[in-house]
J.: 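First the structure, which I've put down as structure tokens, then a few questions once you've had a look.
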2 protein chains.
Amino acid sequence: MFNKETEYAMRSLVYIQVENYKGRRPGISEIAAEIDAPRFFTAKILQRMVRQGFVQSRKGRGGGFYFDSKHAPLKIGDVIKAVEGDNIMTGCAFGLKYCDETNPCPLHFRYAPIREKINTLVAEETIQSLARRPAGTD
Amino acid sequence: MFNKETEYAMRSLVYIQVENYKGRRPGISEIAAEIDAPRFFTAKILQRMVRQGFVQSRKGRGGGFYFDSKHAPLKIGDVIKAVEGDNIMTGCAFGLKYCDETNPCPLHFRYAPIREKINTLVAEETIQSLARRPAGTD
DNA sequence: TCATAAGAAGACAAAAAGGTCTTTTTAATT
DNA sequence: AATTAAAAAGACCTTTTTGTCTTCTTATGA
Ligand code: FES
Ligand code: FES
């Protein structure tokens, strides 16, 4: 469904939030190990998340990643859009340049309602809502 | 949603079936031009479809691609599975190694029903059903 | 039967995705 | 102040995906 970067981003951010709820600020080595992702690749992705303002970090000894509770909950749709774009939310399943109701591909009227459900899902769920949900890790 | 190969495969096959219904057997140059895909790449994909037995071809002057009406309708799910695998049908949206109800990721109970709808769609729709549906091309 | 038109096969190449590593900057602790 | 622990930055590399091209094989029809 999503590409690796998006998956690692979502898993990292949820892990950070889970640890934050416990009063901890995990560092990159811990995060990568826990979510089973390549360390330096995960670091690069999280740096982008920080630059976007999606999550905060602190350098130096005792540093790590954390969510600033002043920020609103972070929608997973916003993460997805920032990392891999919005093709999953708006693109045509048949690969036409764009999805157009008035010139629909033969999959359109069956696919559009499914895509709508995806849109609802990623608009409603947040890193915070996922972090509060007990979950498996492999 | 799908990768380029899958998109080109679906668009090619639907175009071939549409033309077959008109009594024609289109060639690779025509197909690629009509579905707006790179010619040689499309040729390579269609060769795989032929080897899989999904569609037939005839070499030489007057040759082209066609569906043998003896074969059952071709499910788009079978095409997708052959071209890009079954990740979209069975994979975990959070990127866990596999989706497991008993050890679900935090997206599972919201994502699984959507994935189920995708499975139904690709099991019900066929190249033939799509070819009978009037459709846009860009 | 020979010229020609078509698909088959496979080598090659470019671009994008995925991943690794080293150096720099920052901050806390001793 | 020096040491140490951490993220930031960015160069570099590998693999996969996407795309191109040339040569070979097959069939038609003049
Ligand atoms: S036109 Fe293809 S999904 Fe809407
Ligand atoms: S475990 Fe992630 S979708 Fe089922």
Side-chain angles (χ1 to χ4, degrees), chain A residues 1-13 15-16 19-20 24-68 80 82-85 87-88 95, chain B residues 1-13 15-16 19-20 24-68 80 82-85 87-88 95:
Chain A
M1 166 87 2
F2 302 114
N3 68 21
K4 294 289 181 196
E5 263 191 286
T6 304
E7 290 176 359
Y8 296 155
M10 290 194 300
R11 298 220 299 275
S12 295
L13 295 172
Y15 180 77
I16 292 165
E19 294 305 302
N20 284 182
R24 303 186 59 248
R25 284 202 299 238
I28 189 61
S29 303
E30 174 186 338
I31 296 167
E34 288 295 324
I35 70 167
D36 191 30
R39 176 178 168 172
F40 294 110
F41 194 37
T42 304
K44 189 187 289 188
I45 294 164
L46 281 178
Q47 281 161 29
R48 286 178 57 196
M49 296 295 100
V50 169
R51 262 179 267 139
Q52 294 265 346
F54 286 168
V55 69
Q56 277 64 48
S57 71
R58 198 124 110 218
K59 275 187 176 186
R61 207 166 191 174
F65 294 85
Y66 60 99
F67 285 92
D68 186 339
I80 294 163
V83 176
E84 65 168 48
N87 188 65
I88 202 74
Chain B
M1 165 87 2
F2 303 114
N3 68 21
K4 292 291 180 195
E5 262 191 287
T6 304
E7 289 176 0
Y8 296 155
M10 290 195 299
R11 298 219 300 274
S12 295
L13 295 172
Y15 180 76
I16 292 165
E19 294 306 301
N20 284 182
R24 301 186 60 248
R25 284 204 296 240
I28 189 61
S29 301
E30 174 186 336
I31 296 167
E34 288 295 324
I35 69 167
D36 192 29
R39 176 178 168 172
F40 293 109
F41 194 36
T42 304
K44 189 187 290 187
I45 293 164
L46 281 178
Q47 282 160 29
R48 286 179 55 195
M49 296 295 101
V50 169
R51 262 179 267 139
Q52 294 264 348
F54 286 169
V55 70
Q56 277 65 48
S57 71
R58 197 127 111 211
K59 275 187 175 186
R61 206 166 190 174
F65 294 85
Y66 60 99
F67 285 92
D68 186 338
I80 294 163
V83 175
E84 64 168 48
N87 188 65
I88 201 74

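Per chain, numbering begins at 1; letters A, B, ... match sequence-line order.
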J.: Per the end-axis method with five pairs at each terminus, what is the bend angle of the helix from C/dT1-D/dA30 to C/dT30-D/dA1, to 10°?
T.: 10°
J.: Atom CG of A/D36 to atom P of C/dG19: distance rounded to whole Å?
T.: 11 Å
J.: Has B/Y8 got a side-chain N or O lying under 4.0 Å from the OP1 or OP2 atom of D/dG19?
T.: yes
J.: With a 4.5 Å cut-off on side-chain heavy atoms, are B/E19 and B/F65 touching?
T.: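 Result no, sub-4.5 Å side-chain heavy-atom pair not found.
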J.: To the nearest Å, how far apart are B/I28 CD1 and D/dT20 C1'?
T.: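 Rounding to the nearest Å, CD1 of B/I28 and C1' of D/dT20 are 14 Å apart.
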J.: Tabulate protein N/O versus nucleotide N/O from nucleotides 13-15 of chain C, keeping only pairs under 3.5 Å, one per line.
T.:
none

J.: Under 3.5 Å, is there a donor-acceptor pair between the side chain of A/E84 and the main chain of A/N3?
T.: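 Present.
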J.: Over how many whole Å does the gap from B/I31 atom CD1 to C/dA6 atom P extend?
T.: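 After rounding, the reported distance stands at 12 Å.
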J.: Which ones in residues 41-56 of chain B lie close to DNA chain D, meaning a heavy atom under 4.0 Å from one of its atoms?
T.: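 B/F41, B/K44, in order of number.
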J.: Please find the pair of heavy atoms, one from B/P26 and one from B/Y15, that lie closest to each other, and give the distance.
T.: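 Scanning both residues, the minimum pair turns out to be CB-CE2, 3.9 Å.
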J.: To the nearest angstrom, how far is B/F2 atom CZ from D/dT18 atom P?
T.: 14 Å
J.: Hey, what do you get for CG (A/N20) to CZ (A/R25), rounding to the nearest 0.5 Å?
T.: 8.5 Å
J.: Tell me which donor-acceptor pairs under 3.5 Å the side chains of residues 41-56 of chain B have, and how far apart each pair is, sequence neighbours excluded?
T.:
| unit_1 | atom_1 | unit_2 | atom_2 | d |
| --- | --- | --- | --- | --- |
| B/T42 | OG1 | B/P38 | O | 2.7 |
| B/R48 | NH1 | B/E5 | OE2 | 2.8 |
| B/R48 | NH2 | B/A82 | O | 3.2 |
| B/Q56 | OE1 | B/D68 | N | 3.1 |

J.: Take the protein atom CD1 of A/I16 and the nucleotide atom C1' of D/dA6, then report the distance between them rounded to whole Å.
T.: 14 Å
J.: Counting primed atoms plus P, OP1 and OP2 as sugar-phosphate and everything else as base, spell out the protein contacts along nucleotides 22-30 of chain D at 4.0 Å heavy-atom distance: B, S or - for each nucleotide, 5' to 3'.
T.: B--BBBB--
J.: Measure the distance from CG on B/N3 to P on C/dA16 and round it to the nearest whole Å.
T.: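 Between P of C/dA16 and CG of B/N3: 16 Å.
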J.: B/R25 CZ to C/dG7 C1': how many Å, rounded?
T.: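 Distance check: B/R25 CZ to C/dG7 C1' gives 12 Å.
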J.: Distance check needed: C/dA17 P versus A/N87 CG, whole Å only.
T.: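 Atom-to-atom, A/N87 to C/dA17, this comes out as 11 Å.
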J.: List the residues meeting side-chain contact (heavy atoms from CB on, under 4.5 Å) with A/A33, not counting sequence neighbours, and say none if there are none.
T.: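 So A/A33 forms no side-chain contact (heavy atoms from CB on, under 4.5 Å) with any residue.
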